J.: 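Can you read through this structure? Questions will come right after.
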Amino acid sequence: MSDPQTLLTAVSRFPETPGVYLMKDAAGGLLYVGKAVNLRSRVRSYFLSDHADRAQIPGMLRLLDHIDLIVTNTEAEALILEANLVRKHKPKYNIELRDDKHYPYLKVTVNEPFPRLLVVRRVERDGAKYYGPYTDVGTMRRVADFAKRIFLLRDCNKNLPLQRAIRPCINYSMKRCGAPCAGKIDADGYRRNVDDLERFLKGKRKDLIKELEERMALASSELRFEEAARLRDQIKLIGEASRPQRVDLTLSDANCDVFGIARGDRDISMAVLHFRDGLLMAARNFLFKRDKWEFSSEGNDGIVTQFYMLEDMEIPEEVIVPDGVGFSQAVLQNWFDMRVDGVVGIDGINSMGNVNNIVSDDNICNPNQQSDNQQKHERVKVSVVIPQKGAKRLLISMAEKNAHAYLLQKAPPNASQDVDDLQKALSLPRAPVVIEAFDISNLGESFAVAGMVQFRGGLPNKSAYRRYKIKTVEGQNDFAMMMEAVSRRLRRLRDEGGAFPDLLLIDGGKGQLHAAMEALKDFENPPLIASLAKREEILFSPCLDEPLSLPETHPARRLVERIRDEVHRYAITYHRAVRGKQFTRSALENLPGIGKVRARLLLKRFGSLKRLMEAEVGEIAGVRGFSEESAQRLKEALASKK
């Protein structure tokens with residue numbers, strides 16, 4: 001087994017979402033496929049127990065080299081995907097450790113002269129048609145019941161057709177069967193009902209209802225009122241049965257590949273989900289260096305085309321790609337069309353652009369092998385879609401979740417590298433390992449406070465956060481307030497023998513920066529300093545010859561923005577708390593018999609004016625300085641304020 005600590009570190013970056021995990025050995029062989037409601041918690045449990053009750057697990061863990069995962073939207077999708085992967089790959093340890101439960105399917109025995117609708121747990125190659133699987137068994141039973149009532153299918157095991165017609169059973173009298181055993185419906189009429197059933201189960205209900213309405217109108221015009229009434233009842237039942245069904249996918253017959261992109265500070269992850277016949281069968285993940293992928297322009301289509309030149313790569317009927325990442329629907333559609341016509345060759349691929357520096361779980365094949373691979377698959381007409389909303393956009397979101405999870409595993413945020421990038425960007429003489437940021441929050445001239453946050457090694461160190469009430473500044477003077485906050489912080493560190501931070505980050509432009517620099521003049525060996533201007537997101541520092549504007553995706557800019565946003569959140573939260581308490585205390589002090597001391601005691605006991613108004617007289621009398629009589633007077637005064 002790989003180093004357990006390394007595996008645990010990787011698992012700590014797994015998302016806390018439903019999905020499937022795939023345990024593999026050093027050669028990439030699949031050892032075990034498991035499902036989880038919470039991927040991180042479930043996979044971590046393998047390393048936190050001796051598994052004395054499951055002797056197979058220690059043996060499996062000795063072979064374990066790495067763990068892949070596929071994120072799903074729901075637990076139900078994870079369960080179905082697990083079953084599909086186990087049936088396809090038959091991992092060694094799944095055979096021993098999992099039960100044989102499968103989600104039910106609806107089976108239409110189209111290989112029989114008079115087909116039936118059955119509920120089964122296994123899909124067999126027997127000529128029948130299967131629909132599902134259904135994760136909600138109750139919904140599946142309701143669908144089956146509606147289908148039999150709507151389409152009058154038989155529910156018996158008789159070997160039809162019979163040599164002689166027999167008396168129909170009670171289902172015929174209850175209008176739940178067409179009674180082919182009694183000759184009440186011929187083979188053609190019964191087959192039409194089965195065709196309607198298949199469209200119903202495929203979700204093509206609008207088309208079915210429209211056709212039934214046309215048949216009903218025709219039957220009525222020809223005075224076949226009994227048949228028209230039966231068609232009317234069918235239409236009504238189809239409407240009742242058309243409430244949401246929880247099956248594998250909204251697009252229950254989808255045959256597509258879905259691309260999702262996740263962006264990191266230095267890397268980009270791409271996930272490709274393969275849906276076949278409505279089932280999520282597999283996922284592939286790739287990692288790109290960020291400087292090789294420019295989102296602001298077109299021209300990334302070669303990534304998709306190169307993907308489909310992978311060895312043994314099947315191309316589906318539909319390719320769904322996200323918007324805003326440099327994919328062109330027209331260019332991709334043209335490439336797939338040329339491929340169908342046999343035009344695309346190696347030059348066609350290269351004209352789309354090359355993709356370099358790719359780290360992938362699936363190696364991209366040698367270009368010289370592409371023509372051979374092309375001939376292995378039947379050329380089918382492919383439709384390229386860039387959805388903006390609807391079910392296909394939800395599939396894009398699912399692929400993006402997988403891409404993000406893969407990015408966290410293979411290229412986790414590197415806070416220490418962000419610090420190094422900031423040092424280079426600001427031309428600092430030393431690495432800003434400890435960064436402290438300040439922000440002022442006030443309401444005009446009132447309730448002025450300052451917040452300070454500390455980041456150590458690029459990560460927040462919340463135990464070192466500090467907050468200050470501005471004491472020496474009159475009026476609204478943000479520069480002076482900043483000087484006071486910085487001075488008080490550094491003076492406290494100096495007096496207590498604490499180390500100064502490596503860098504002070506000020507929220508603001510040149511004015512705030514110069515105010516903070518004035519405060520630094522009173523200290524020996526003061527920290528380095530910089531400021532980040534709002535809106536323009538421009539960095540100012542004495543170490544720079546001129547203001548610095550970094551690209552939006554630059555890791556150093558993203559670091560200082562995270563720090564700025566955190567100190568702003570911290571300062572404004574403190575400001576609101578101070579303002580709320582002051583307003584509440586002022587409201588209490590206006591009541592008869594309540595001064596500053598009593599107001600403070602009441603707020604300490606009840607926390608807010610609302611809770612005080614809801615308190616009983618006895619509770620108020622329990623506060624120091626209050627009697628039953630004074631508590632009653634306060635209660636009456638509060639009631640008069642409502």
Side-chain angles (χ1 to χ4, degrees), residues 1-103 133 135-136 248 262 264 269 271 273 279-285 287 361 398-415 459:
M1 180 176 71
S2 293
D3 178 37
Q5 191 57 47
T6 302
L7 289 171
L8 274 172
T9 300
V11 170
S12 69
R13 296 192 291 266
F14 280 21
E16 296 180 305
T17 57
V20 171
Y21 55 93
L22 300 89
M23 295 185 165
K24 298 182 178 181
D25 59 23
L30 194 56
L31 299 172
Y32 181 76
V33 176
K35 60 183 179 295
V37 179
N38 182 320
L39 281 166
R40 184 189 302 174
S41 176
R42 178 69 186 94
V43 177
R44 184 190 292 153
S45 69
Y46 283 91
F47 304 94
L48 304 180
S49 169
D50 58 5
H51 303 287
D53 57 336
R54 301 175 70 185
Q56 302 95 329
I57 293 183
M60 179 183 71
L61 293 180
R62 282 193 291 271
L63 299 175
L64 179 63
D65 180 76
H66 62 280
I67 304 170
D68 293 339
L69 59 84
I70 300 176
V71 180
T72 61
N73 287 321
T74 65
E75 178 186 3
E77 290 175 351
L79 294 171
I80 292 172
L81 178 56
E82 180 205 27
N84 292 338
L85 292 174
V86 170
R87 282 198 292 270
K88 179 179 179 180
H89 298 288
K90 296 181 174 58
K92 175 181 178 181
Y93 288 92
N94 280 89
I95 297 173
E96 298 293 333
L97 298 179
R98 59 172 282 115
D99 60 28
D100 199 32
K101 179 179 179 181
H102 296 276
Y103 284 93
T135 58
D136 187 335
D248 208 16
S269 173
L273 305 184
L279 300 177
L280 175 56
M281 300 304 298
R284 294 190 176 195
N285 296 283
L287 198 66
D361 279 351
M398 183 176 175
E400 289 171 346
K401 289 180 182 179
N402 280 274
H404 183 69
Y406 187 76
L407 183 65
L408 287 178
Q409 291 179 68
K410 301 298 183 182
N414 191 329
L459 299 174

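Keep in mind the model is a prediction, meaning the values are calculated, not measured.
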J.: List the atom of Asp25, the atom of Asp65, and the distance in Å for their closest heavy-atom pair.
T.: C-CB, 3.4 Å

J.: To check you understand the geometry: which heavy-atom pair defines the closest contact between Lys35 and Tyr21, and what is its length?
T.: O-CE2, 3.6 Å

J.: Ignoring hydrogens and angles, state whether a donor on the side chain of Ser45 or Arg42 is under 3.5 Å from an acceptor on the partner side chain.
T.: yes

J.: Look only at the side chain of Arg40 and the backbone of Phe14, and say whether a donor-acceptor pair between them is shorter than 3.5 Å.
T.: yes

J.: Taking only residues two or more places apart in sequence or in another chain, which ones pass side-chain contact (heavy atoms from CB on, under 4.5 Å) with Leu30?
T.: Leu22, Lys24, Val33, His89, Pro91

J.: Can you see which heavy atom on Ser12 is nearest to which on Thr9, and at what distance?
T.: OG-O, 2.5 Å

J.: Stepwise, does the side-chain contact (heavy atoms from CB on, under 4.5 Å) test hold for Leu64 with Met60?
T.: CA-CA 6 Å; Leu64 179 63; Met60 179 183 71; 5.8 Å; no

J.: To the nearest 0.5 Å, what is the distance between OH (Tyr93) and CE (Met23)?
T.: 11.5 Å

J.: Can you measure from CD1 (Ile57) to CZ (Phe47) and round to the nearest 0.5 angstrom?
T.: 10.5 Å

J.: If you compare all heavy atoms of Leu407 against all heavy atoms of Gly264, which two are closest, and at what distance to 0.1 Å?
T.: CD2-N, 3.5 Å

J.: For the residue pair Ala403 and Ala271, what are the closest heavy atoms and their distance?
T.: N-CB, 3.6 Å

J.: Run the side-chain contact (heavy atoms from CB on, under 4.5 Å) test against Pro15 and tell me which residues pass, sequence neighbours left out.
T.: Thr17, Leu39, Leu69, Val71, Ala405

J.: Would you call Leu8 and Arg44 a side-chain contact if the rule is heavy atoms closer than 4.5 Å?
T.: yes

J.: I need the Lys92 NZ to Leu31 CG distance, nearest 0.5 Å.
T.: 8.5 Å

J.: Identify the two heavy atoms, one from Leu7 and one from His66, that lie closest to each other, and give their separation to 0.1 Å.
T.: CD2-CA, 4.2 Å

J.: At what distance, to the nearest 0.5 angstrom, does CG of Leu273 lie from CG of Asn285?
T.: 8.0 Å

J.: Before you tell me yes or no, could you show the steps for Ile67 and Gln409 under side-chain contact (heavy atoms from CB on, under 4.5 Å), namely the whole-Å CA-CA distance, both residues' side-chain angles and the distance that decides it to 0.1 Å?
T.: CA-CA 10 Å; Ile67 304 170; Gln409 291 179 68; 6.0 Å; no

J.: Applying side chain to side chain donor-acceptor pair (under 3.5 Å), name anything that partners Thr6, two or more places apart in sequence or on another chain.
T.: Asp3

J.: If I take atom CG from residue Asp68 and atom CZ from residue Arg284, how far apart are they, to the nearest 0.5 angstrom?
T.: 12.5 Å

